Protein chains: 2
Amino acid sequence: MAKIRIKKNTTKKEVIIEKAAKLFREKGFGAASMRDLAEVVGVEAASLYNHIQSKSEILQAICFKVANEFISHLEAVERSNDSTLKKMEIIIRFHIKMMLEQYEYVYISDHEWRHLPEPYLSNFLNQRRSYRKRLSDIIEQGIAKNEMKNIEPYVAVLTILSAISGIESWQRSRKTTSAETLEASMVKYLIEGLKK
Amino acid sequence: MAKIRIKKNTTKKEVIIEKAAKLFREKGFGAASMRDLAEVVGVEAASLYNHIQSKSEILQAICFKVANEFISHLEAVERSNDSTLKKMEIIIRFHIKMMLEQYEYVYISDHEWRHLPEPYLSNFLNQRRSYRKRLSDIIEQGIAKNEMKNIEPYVAVLTILSAISGIESWQRSRKTTSAETLEASMVKYLIEGLKK
DNA sequence: ATCGCTATCTAACAGTTGTTAGTTTTGATT
DNA sequence: AATCAAAACTAACAACTGTTAGATAGCGAT
């Protein structure tokens, strides 16, 4: 028996997760209750359990969805023949795009992962560490090839990822700066600071 | 009657807030209970209320302590005669120092302020907005004086503050990079990216 | 119309939450 | 040694937590 599809290609489980993402971002995972979630879904709390197994399953779905998107994008970039600087620019632009288009999901993956239960927590942190290591390998190559200035790669990765994650605060703001200006200026800042 | 001082110049209230800062950082404000806090303080939960008024009073104390330190440092920098670039470097170094030396406090002020009750929440956000505006004014001057490259000041501030806030993740890590290298590299990255 | 299967509902569970009331202990000052 | 306030304790509160059990309603296929 096929899953009920509410609209086009959308299971009720997907609706729940989407509403949960918004709720978890607004109130934090710990402070958002299943009854809060049920209300925005338009159902009683107990009914949610016909579609999901637990509250933390929702968090897992969100965190690993985001992680997987970043990892598979990185794999594509690694396979390309672009310069190291171009690779970093592509990755930075992708991170910014994700932050603009999938704000709620990325925010939760960035800020609420600590509430993942084991063994998902360790798994998530391992993926994260590995991802950052691969970014810092690209920067290390860039320095070796004299395309980038001699900066500690670990710190460069930390700076880049944290800076982009700060777009969260732009999302919450009155947005006197357009998304285009934001992307252009941030890419300029982060790439110029990297360039030899 | 003077407050009881546990060690030198330390009231029990200060001890509670310090322990709370560590706890809130580890578990998040929402997930940390007063009974958790009581345990690390070495007392029953009800006894905490001889020294504090409520759980959220602790959060207020932490958030506004940090905010005040940043604001009064900024005021000193504004009064100085340094170049705009030097001003920004001083501010960046101060933020990094705070992140290294008062990690727990700064982290909570950065990440848990959303749990502040009104009117403290609005008050906090106003101070924050005003602080960032004053930073972007410095950068605007820097661009006008041709000391800095033409970057959208709002985005530059966002980038700088977020990047520094990411030191949080270094704090939690195994620290293969020293604090000195971290500071030197991050300042280099952020200032070079700003310089004309 | 009736079957079978979902999805929803109500009610309840056992545990936890921040906090208060009332009592007892502690420890410095008299 | 007596006093007295500060600070600790025990016990409890009402509200809320994630989750389960069991009954009921909805609905496509027979």
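Here the structure is a predicted model, which is why all the values come from computation and not from measurement. Throughout, a chain's letter reflects where its sequence line sits, starting with A, and its residues are numbered from 1.
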_Length of the CD-C1' vector between A:Glu44 and C:dT6, whole Å_ = 18 Å
*Kindly indicate, with the supporting measurements, whether the criterion ring pair (Phe, Tyr, Trp, His ring centres under 6.0 Å) is fulfilled by A:Phe24 and A:Tyr107.*
CA-CA 9 Å; A:Phe24 291 173; A:Tyr107 176 86; over 10 Å; no
*Would you find more than 12 non-hydrogen atoms of other residues, nucleotides or ligands less than 6.0 Å from A:Lys149 atom NZ?*
yes
*With heavy atoms under 4.0 Å as the rule, sort B:Ala38 into base, sugar-phosphate or nothing.*
nothing
*Over how many whole Å does the gap from B:Leu59 atom CG to C:dG18 atom P extend?*
13 Å
_Counting only heavy atoms not in A:Glu26 (residues, nucleotides, ligands), do more than 12 fall under 6.0 Å from its CD?_
yes
_Between C:dT10 (C1') and A:Leu48 (CG): distance, integer Å_ = 15 Å
_Is there a side-chain contact between B:Ser47 and the phosphate of D:dC9, meaning an N or O under 4.0 Å from OP1 or OP2?_
yes
*Check whether any side-chain N or O of A:Lys12 sits under 4.0 Å from OP1 or OP2 of C:dT6, and answer yes or no.*
no
*asked:* What is the distance, to the nearest angstrom, from the CD atom on A:Glu57 to the P atom on D:dT19?
replied: 10 Å
*A:Asp36 has an atom CG; how far is it from atom P of D:dA15, in whole Å?*
17 Å
*Between A:Met88 and A:Ile160, which heavy-atom pair has the shortest distance, and what is it?*
CE-CD1, 3.8 Å
*asked:* Please compare A:Arg35 and B:Ala46 by the position of their nearest nucleotide in DNA chain C and report the one closer to 5'.
replied: A:Arg35
_Please confirm whether the shortest side-chain N or O distance from B:Ser33 to OP1 or OP2 of C:dT17 is below 4.0 Å._
yes
*B:His51 has an atom NE2; how far is it from atom C1' of D:dC9, in whole Å?*
12 Å
*Take atom CD of A:Glu39 and atom P of D:dC16, then tell me their distance rounded to the nearest Å.*
13 Å
*Between B:Asn50 (CG) and D:dT10 (P), how many Å, whole number?*
14 Å
